[in-house]
Amino acid sequence: MESIIIAQMAVSGAFMGLVYALIAYGFQLTYATSKSINFGQGELVMVSAFFSLTLITVGLPYWLVVPGGLFFGAILGLFVERAGVRLALEQKSEGWILLTIIIGLFGFSAAENIWGRDDRPFPTPISSDSIQVFGVSITPLEISVAIGVLAVMGLIELFKRKTLLGKAFEAVSADRDAAELMGVSATRTIMLSYGLSGMVAAMAGILVSPITTVGPTMASALILKAFSVAVVAGLDSGFGVVLIGLFLGALESLASFYIGSGWREAPGLILLILALAVRPNGVFGKASIRKV
Amino acid sequence: MWKRLLLIRGSELVALALLASIPLAVDNSYVLGLLTLLAIYGILLIGLDVTVGYLGQVNLAQAAFLGLGAYAAGLSVSLLGFGIFGALGVSLLVGLVLGGLLAFPALRLEGPQFALATLSFSALTVTALNEWESLTGGAQGLHVNRPDFFGLDVNAQGFYWLCLILLALVWMAMRNLLSSQWGRAFEALRDSPIATDAMGVGTFRHKVAGFALGSALGGLAGGLYAFNFEYLQPQTYVYDLMVILLLGVVLGGRKSLWGAFVGASLIALLPNLLSNWLLFEVISALGLTVALAAGVRGLMKKTAKPFQAIAPIIAMGLLVAGGFMVENTENWRKAIFALMLFAVVVGLPEGLMGFASRFLARLFRIAPPALPAPAGLNTVLTAKAADGKALLELRNLKRYFGGVKAVDGVSMTVRAGHVHGLIGPNGSGKSTAVNVISGLYAPTAGEVLLHGKTLPQGSLFKVARVGVSRTFQNLQLFGELTALDNVMVALKGVYRSPLPLVLLGLAQGEEKRAQAESLALLELVGLKDQARKQARDLTYGAQRFLEIARALARKPDLLILDEPAAGLAHPDVNNLVEIIKRIHQRGITIVLIEHHMDVVSELCDAVTVLDGGQVIAEGTPDEVKRDPKVIEAYLGVVSEAEAPGAIPSPA
Amino acid sequence: MLVVENLHAGYGTSEVLVGTSLEVKQGTVVALIGANGAGKTTTMRAISGMLKPTKGRVLLDGKPVQGQDASRIARLGLAHAPEGRKVFGPLSVEDNLLLGAYSRLPLFFGFRSKAAHELERVYDLFPRLRERRQQAAGTLSGGEQQMLAIGRALMAKPKVMLLDEPSMGLAPVIVQEVFNTIRRLKEAGITLLLVEQFAKSALEVADYAYVMERGCIAVEGSPAELHKNERVLAAYLG
């Protein structure tokens, strides 16, 4: 019996872990082109989720809400790049860390006041009645999360590997100056990566909302774990985030079961600090050579 | 000299006296509360400024240290029955120890990774405070009783004076510390960690020390915070507070005690600003005016990019307009902070004090204190025995990067007192070889011996400590430090005072000696007259020479010069040759990597030629120049004059 | 085709170029020679937009392009094979070449077929690259990387090509090969501005040459004229 419970906890945790992986993947997208990430990504997830909820409330069908939410997320991503990142990158400073935090804080406050401080349910056509697989119950909702996460990541990876624009992403990340000389505008590539990253965050928001409900603080715990996943896997590791996401999701679910639900954030945070101490470039990341 | 001291110390004393006497003049508990908070935030922000300003890292953990310090103080009173000073000592210690512990993993990180590590630590702290209910009372909160002071009950006024005295002490100690070798090392670390290590200063211990120090002040402020409010809740120390603290540091101005103080007063006043609508509108209108004036001025003078000028105007405009549209500004607290912080970070990155100090310096024309006379060169660089014994030996040295064999079995001997040239085509392994010798890379195989003893491997710091000093092909100066400070950072054998003396400001004597010795080295490279200039404002040639002076400050047995003439104009190349000759005369052994064959011919006693990571020739400059292998691989088939840089380049 | 007038540029406070002027006529190879630090590479960078000139004009096909972003200038028909080759290490040889044609290919689909013809031409010019088309560019030897950098610049079908120190750090044998390639480019009618340390070899392929000293042009003329100039002969041609 014990083992069934453990399996159940691990499996439900792992589904959440996929959401962390998706958000972490959003960090990788921008890190690849610009070595920067949006520290306010959690707020972006949350605001996009609220926006999608509004679309539903207005009466839009679900299949229109998803593209609407994604589009909104992309716009927010572009805004973050323009307002918070571009200037700092031009000055080669780390001001973007502070600026993206600030923009996130503004988003949080705006959401609190526009949509209220309460958590609200997010209706979805997908059923949450569980089915039994080897004694472990899984809901179609959870499966939809898995499909959604993997589909989005797969599509973007396909785009990066198979289109010329995707190759331009890699070129900018390999050598920004040389890419410019080929006619690839680094600024636009970075913009695009932030747009995509915003879209990915919105997707995460739409996928996770039916499970967690929508509220201003819905993403504050989520984002810390996404940071953990991104750093532990390595900010340039591609699909490494999926493995680490699954692992961390299962781990925290078990931790909250055995130590207490308040401690569920702890494993991710400890893992992050440890990973940074032992392998600063992540488990799957590439080691860099110091040059002078 | 006296005028300067009078102005600077005088203004500090006047401010202190004013602050201390306010409660005597105004009997108002509300004002007193504000002042107390100001003193506490002052200590907190001075601590935060060590990491954010001096170490240049985005630190998101200071709010957590405030919380940890607060709980530590509260619990040591309620559980251990400590007095007020005992409790504050515990707060300080908790900050120091946990800060040190966090610094270890965070040590190797920079930029976003460091910020993430500190962010995780903050989140972990709040989780722990919330969940460890048996100790902290969890979300219920913890009541703290302010202990008495040797039997005397401490009233609000007395507590305020205590906070103020502590702020003054912290201020004094930090001023002494930051103007000492420690402060210079912190800044050096920010500008170039690699050079800091290579100058034997040790990024490791300074980063840990700086972070632990800042955290300890956070802890101390936390202790005071606990005794001020007498009620603690984990929720107080989260994200928002941290953003507000950063707002304080950035708005006040980084790397400035006054900046931290100004920032502290602003964030202490902020909540009141929001509760009064009229005041809020007046202040945001004021902000908008400043943003407009600064933006227009920046655009006209072309000192600001359009975004830098316009974005703060939009942010402040939103603030003014928002005040009219929103019913309760209190609800939009975070958004208001965000807009203000955004405008400041983008439009006024140097902060209020950074702006004001330039203005004040012009107004009062404060001359910096006079420099001492340079020390005699003989006392700074004692002559070494140039006895021609083997000083540096490489034995079958190898360094591979993946499949690339950058250095593939190099053996060579550098004799004491020689100038030993190391030449070869691009990519032949010269730079990798000296990077292995100086400890930047660990060798894949082989040995490096100095004075017959194995050199430490893979640590710039340790190699620098045993007497090897180097310059860098791509300059690694501490750009924001002056030329003099660049040399002083590296200076060996002068700084001996223990930390307590430094904190008390009793290490002035050695500071003078360090200046005198450093000036002697600057004189040697012809930069004595530019000692006060920031390194980044020096001409390219002067920067190259400054690196040499800085490397000499290590008083090395072996000096490695990595392409010192690269990019130098013709007259500077001649100066360089003269400088190297002067260094040579002092018996210092030199390894010289250089492309200018005539420089090599003129200076070197022996030359080793590398190609493809291996030694292809060795001998005197004339011998290697005639060597057919060298002509083929490096000098070129045409003739000597065809070799790259054969002409003393008239750039 | 390419005209540079009174160009000033520098890094931070130090000015490297102080009024460089030169011209590259269509279908010619022009060499830019000079000592280390004379400003040759800076000239190239200021022309292609990697460095913003502080003063002066750059005309590409008669149109001023100075001050524009490097990516925009590249799209207007200038290909710059930079010093140090700068191939995209993690990407395959073929991807490197395709990116060379970035400005004239569709961004999503069908770019491969559209680039096929040009790709074949480059592979014919450098058969070694065809052999290694799927290999990561970073694993090529220095000489092969240089071929790739030239091939990548050719993929853009540029109006003008800038070639900065193609022989840098290469073994003498490979250097010969590089110069043979440049000769073939010349025969194919490519307009080329070449910066070289090996001045003598550069003059052998060039139609016209400029000698740079201290950030501006000191001497100019046809190779034959420069060979008659005693100072140039002594200082650069041995």
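Throughout, protein chains are lettered first and strands after them, A, B, ... in sequence-line order, and every chain is numbered starting at 1. Bear in mind the structure is a predicted one, so any value in this text is a computation, not a measurement.
One distance of note links CD1 of A:I101 with CG of B:L341; it measures 9.0 Å at 0.5 Å rounding. Note: A:F39 CZ to B:L116 CG = 4.0 Å, rounded to the nearest 0.5 Å. Atom CZ of A:F106 sits about 4.5 Å away from atom CG of B:L339, to the nearest 0.5 Å. For the atom pair CG (A:L87) and NZ (B:K305), the distance works out to 7.0 Å, reported to the nearest 0.5 Å.
Of the two parts of B:I314, neither the backbone nor the side chain holds a non-hydrogen atom closer than 4.5 Å to a non-hydrogen atom of chain A. At a 4.5 Å heavy-atom cutoff, B:A195 makes no contact with chain A through either its backbone or its side chain. For chain B, the nearby part of A:L235 is the side chain; its heavy atoms alone come within less than 4.5 Å. Neither the backbone nor the side chain of A:A221 comes within contact range of chain B; no heavy atoms are under 4.5 Å apart. Interface residue B:A123: backbone and side-chain heavy atoms are both found under 4.5 Å from chain A. Contact annotation for B:V326: neither backbone nor side-chain heavy atoms come within less than 4.5 Å of a heavy atom of chain A.
Taking A:N113, A:I97, A:L98, A:L105 one by one and counting their heavy-atom pairs under 4.5 Å with chain B, the maximum is reached by A:N113.
The closest donor-acceptor contact from the side chain of B:S120 to the backbone of A:L269 lies at 3.5 Å or more, if one exists at all.
In this structure the side chain of A:R82 reaches within 4.5 angstrom of the side chain of B:F307, judged on heavy atoms. Looking only at side-chain heavy atoms (C-beta outward), B:K334 and A:F108 come within less than 4.5 Å of each other. Looking at heavy atoms from C-beta onward, B:L247 lies out of side-chain contact with A:I102 at the 4.5 angstrom threshold. Contact check for A:I259 versus B:E131: no side-chain heavy atoms found under the 4.5 Å cut-off. Side-chain contact between B:P112 and A:W96 is present, with heavy atoms from C-beta onward closer than 4.5 Å.
Within a 6.0 Å sphere centred on CZ of A:F247, heavy atoms belonging to other residues, nucleotides or ligands number 12 at most. Open room surrounds CD on B:Q140; 12 or fewer heavy atoms of other groups in view lie less than 6.0 Å from it.
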**From CA spacing to verdict: side-chain contact (heavy atoms from CB on, under 4.5 Å), B:N331, A:R117** = CA-CA 11 Å; B:N331 286 340; A:R117 291 166 197 230; 3.9 Å; yes

